[in-house]
> 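Next up is a structure, given as structure tokens.
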Amino acid sequence: QVRLEESGGGLVQAGGSLRLSCAASRLTGRLYTMAWFRQAPGKEREFVGGISPGGDSTYYADFVKGRFTISRDNAKSTLYLQINSLKPEDTAVYYCSGRQRIEISSTIDDYEYWGQGTQVTVSS
């Protein structure tokens with residue numbers, strides 16, 4: 001069974017940076033499109049960005065505006081999310097997800113596999 005486990009979250013001041021990681025077990029990295037979603041308190045889960053199986057293509061939500069970068073290391077079966085210039089409104093639980101399709105999707109229901117999430121809290 002595929003397992004995804006996020007790490008790297010924490011408390012950071014506004015303007016700071018974080019790098020989140022998602023380790024995938026029993027996952028053939030090249031066959032899965034991976035993505036990050038986030039869910040802020042009282043809000044619905046939203047798409048942050050995704051990356052193709054080979055890592056050569058990425059797609060981001062509009063609000064990212066160059067502050068977020070998704071990458072992957074298939075040899076390590078690990079997905080990353082680099083977040084710079086953090087803002088208080090980035091406070092959320094961040095989830096990694098995977099789907100066994102080539103296309104990057106921004107739709108939650110298109111993803112088959114999910115991690116438990118990692119909390120990111122940005123103080124002003």
Side-chain angles (χ1 to χ4, degrees):
Q1 183 175 352
V2 173
R3 292 182 58 188
L4 303 177
E5 184 173 1
E6 303 93 338
S7 62
L11 175 64
V12 63
Q13 289 187 335
S17 298
L18 277 177
R19 188 175 83 154
L20 308 183
S21 299
C22 173
S25 63
R26 299 187 181 183
L27 182 71
T28 304
R30 292 183 61 84
L31 300 180
Y32 286 79
T33 292
M34 304 292 293
W36 288 95
F37 288 76
R38 70 181 187 182
Q39 187 166 16
K43 295 187 177 181
E44 295 185 352
R45 192 172 300 189
E46 64 178 352
F47 175 77
V48 172
I51 187 166
S52 60
D56 55 327
S57 179
T58 54
Y59 175 69
Y60 296 95
D62 290 341
F63 69 80
V64 166
K65 295 183 179 179
R67 297 189 299 120
F68 293 40
T69 302
I70 295 174
S71 61
R72 66 192 294 167
D73 184 340
N74 286 339
K76 297 180 179 180
S77 295
T78 303
L79 174 73
Y80 303 100
L81 177 65
Q82 177 71 39
I83 313 174
N84 298 324
S85 303
L86 277 156
K87 305 175 182 180
E89 51 263 43
D90 293 321
T91 295
V93 177
Y94 284 73
Y95 299 90
C96 73
S97 60
R99 67 193 296 249
Q100 198 171 2
R101 297 287 295 273
I102 296 175
E103 301 84 8
I104 301 171
S105 171
S106 61
T107 303
I108 293 174
D109 291 344
D110 285 345
Y111 288 84
E112 306 152 52
Y113 305 103
W114 292 85
Q116 294 299 308
T118 185
Q119 176 72 47
V120 172
T121 303
V122 184
S123 63
S124 57

> Taking only residues two or more places apart in sequence, or in another chain, which ones meet Ser105 in a side-chain hydrogen bond (donor to acceptor under 3.5 Å, both in side chains)?
Asp110
> Could you state whether Leu4 and Tyr80 fall into the same hydrophobic cluster, counting links through intermediate Ile, Leu, Val, Met, Phe, Trp or Tyr residues with side-chain heavy atoms under 4.5 angstrom apart?
no
> Are Leu11 and Ile83 linked, directly or through intermediate hydrophobic residues, by side-chain heavy-atom contacts shorter than 4.5 Å (ILVMFWY only)?
no
> Identify the heavy atoms of Ile70 and Tyr60 that sit nearest to each other, and give their distance.
N-OH, 2.8 Å
> At their closest point, which heavy atom of Ala14 faces which heavy atom of Pro88, and how far apart are they?
CB-CD, 4.1 Å
> Is it the case that the side chain of Arg67 and the backbone of Ser85 share a donor-acceptor pair, with hydrogens and angles ignored and the cut-off at 3.5 Å?
yes
> Going from CZ on Arg72 to OG1 on Thr58, what distance comes out if it is rounded to the nearest 0.5 angstrom?
11.5 Å
> Looking at Thr78 and Ala23, what are the two nearest heavy atoms and their distance?
OG1-CA, 4.4 Å
> Return the set of residues passing salt bridge (charged side-chain N to carboxylate O under 4.0 Å, His left out) with Glu5 (not counting sequence neighbours), or none when no residue passes.
none
> Any chance you could lay out the side-chain contact (heavy atoms from CB on, under 4.5 Å) test for Phe68 and Asp90, step after step, and finish with the verdict?
CA-CA 11 Å; Phe68 293 40; Asp90 293 321; 3.8 Å; yes
> Just by modelled atom types, is the Arg19 backbone N or O under 3.5 Å from a matching donor or acceptor in the Gln82 side chain?
no
> Short question: side chain of Glu6, backbone of Gln116 - any donor-acceptor pair under 3.5 Å?
yes
> Hey, what do you get for OG1 (Thr91) to CZ (Arg38), rounding to the nearest 0.5 Å?
9.0 Å
> Are side-chain heavy atoms of Phe63 and Glu89 found at a separation under 4.5 Å?
no
> Apart from Phe47 itself, which Ile, Leu, Val, Met, Phe, Trp or Tyr residues share its cluster (side-chain heavy atoms under 4.5 Å, direct or through members)?
Phe37, Tyr59, Val93, Tyr95, Ile104, Ile108, Tyr111, Trp114
> State which residues pass side-chain contact (heavy atoms from CB on, under 4.5 Å) with Ser7; sequence neighbours excluded, sorted by chain then number.
Ser21
> Which ILVMFWY residues can you reach from Ile102 by hopping between side chains whose heavy atoms are under 4.5 Å apart?
none
> Return the minimal non-hydrogen interatomic distance between Pro53 and Thr33, and the atom names on each side.
CD-OG1, 3.5 Å
> To the nearest 0.5 Å, tell me how far Leu81 CG sits from Met34 CE.
12.0 Å
> What pairs with Glu103 under salt bridge (charged side-chain N to carboxylate O under 4.0 Å, His left out), at least two apart in sequence or on another chain?
Arg101
